[in-house]
Each structure stands twice: as structure tokens, then as C-alpha cells.
Engineer: 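My questions all concern the structure below.
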Amino acid sequence: MLAFGWDKLRARRKKRRVPERRLLWLAAIGGSLAALLGRWIFGHKTRKRGFSAWLYAITAVQAALCYLIVSRDLGTLLR
């Protein structure tokens, strides 16, 4: 989330930005919910369709993995 805030600040000041690839990488290594929250709070990268598609895809994959892990663990606990 902080990376999105930092990038928004840099954009406003016309300074060197955080690359989109880095923002997506941070989301992919576990920060997808924070990325979505940061995007909402700072109103940042909301018009970039390609970026949005990648971010939502990363979030969906992480949500599916979390679901599979939790449902598997709950299934073994309930036996």
C-alpha cells in the first residue's frame, strides 16, 4: 500500500515513478489486498486497464490459493 502512496506522491511532484512492474510484483508476492486498498485510498492507477487486469488476476489467484489452503486444512481438522 505504501508503494502506491509513494508512487502517487512522486507523480504529483513530477518525479521519477515506481515502475508498474514493481507495483505488480509487490502485489504478486502477497500484497494484493494492500495494493487494492492503496489504489482505492490514493485513487491511483485506476484508469489503467492493463494494470487493473493484472492486479485483479493476481488477487484472484491469491484468493483461490488461500481458499484451497484453508478448505484443505479445515477438512483435515474436521475428520
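Note that the coordinates shown come from a computational prediction; the quantities given were computed from them, not determined experimentally. These values consider heavy atoms only, across backbone and side chains, with no hydrogens, waters or symmetry-generated copies. Numbers here are sequence positions counted from 1.
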Engineer: According to a 4.5 Å side-chain heavy-atom criterion applied to Ile, Leu, Val, Met, Phe, Trp and Tyr, with indirect links allowed, do Phe51 and Leu9 form part of one hydrophobic cluster?
Structural biologist: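 Same cluster: Phe51 reaches Leu9 through Ile, Leu, Val, Met, Phe, Trp or Tyr contacts under 4.5 Å.
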Engineer: Using a cut-off of 6.0 Å, state whether more than 12 heavy atoms not belonging to Leu65 lie near its atom CG.
Structural biologist: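 For Leu65, atom CG is crowded (more than 12 foreign heavy atoms under 6.0 Å).
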Engineer: If I take atom CZ from residue Arg13 and atom NZ from residue Lys8, how far apart are they, to the nearest 0.5 angstrom?
Structural biologist: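 Arg13 atom CZ to Lys8 atom NZ measures 13.5 Å (nearest 0.5 Å).
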Engineer: Does the Gln62 side chain pair with the main chain of Ala27, one donor and one acceptor, at a distance under 3.5 Å?
Structural biologist: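 Checked: pair present.
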Engineer: Taking atom CZ of Arg10 as the centre, report whether more than 12 heavy atoms of other residues, nucleotides or ligands fall under 6.0 Å from it.
Structural biologist: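 Counting other residues, nucleotides and ligands, CZ of Arg10 exceeds 12 neighbours.
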Engineer: Between Leu36 and Leu26, is there shared hydrophobic-cluster membership here, with clusters defined by ILVMFWY side-chain heavy atoms closer than 4.5 Å?
Structural biologist: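 No, Leu36 does not connect to Leu26 through the hydrophobic network.
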Engineer: Would a single hydrophobic cluster contain both Leu37 and Val18, if residues Ile, Leu, Val, Met, Phe, Trp and Tyr are joined by side-chain heavy-atom contacts under 4.5 Å?
Structural biologist: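 Same cluster: Val18 reaches Leu37 through Ile, Leu, Val, Met, Phe, Trp or Tyr contacts under 4.5 Å.
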Engineer: Can you give me every donor-acceptor pair (side chain of residues 53-60, partner residue at least two apart or in another chain, under 3.5 Å) with its distance?
Structural biologist:
from: Tyr56; atom 1: OH; to: Arg39; atom 2: NH1; distance (Å): 3.3
from: Thr59; atom 1: OG1; to: Leu55; atom 2: O; distance (Å): 2.8

Engineer: If two hydrophobic side chains count as joined below 4.5 Å and joins carry through other members, does Phe4 share a cluster with Trp6?
Structural biologist: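 Yes, because Phe4 and Trp6 connect within a single hydrophobic cluster, where side-chain heavy atoms sit under 4.5 Å apart.
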Engineer: Pick one: which of Lys48, Arg12, Arg17 meets salt bridge (charged side-chain N to carboxylate O under 4.0 Å, His left out) with Asp7?
Structural biologist: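 That would be Arg17; it is the only one of Lys48, Arg12, Arg17 passing the salt bridge (charged side-chain N to carboxylate O under 4.0 Å, His left out) with Asp7.
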Engineer: Who pairs with Lys45 by side chain to side chain donor-acceptor pair (under 3.5 Å), at least two apart in sequence or on another chain?
Structural biologist: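 Listed in chain order: Glu20.
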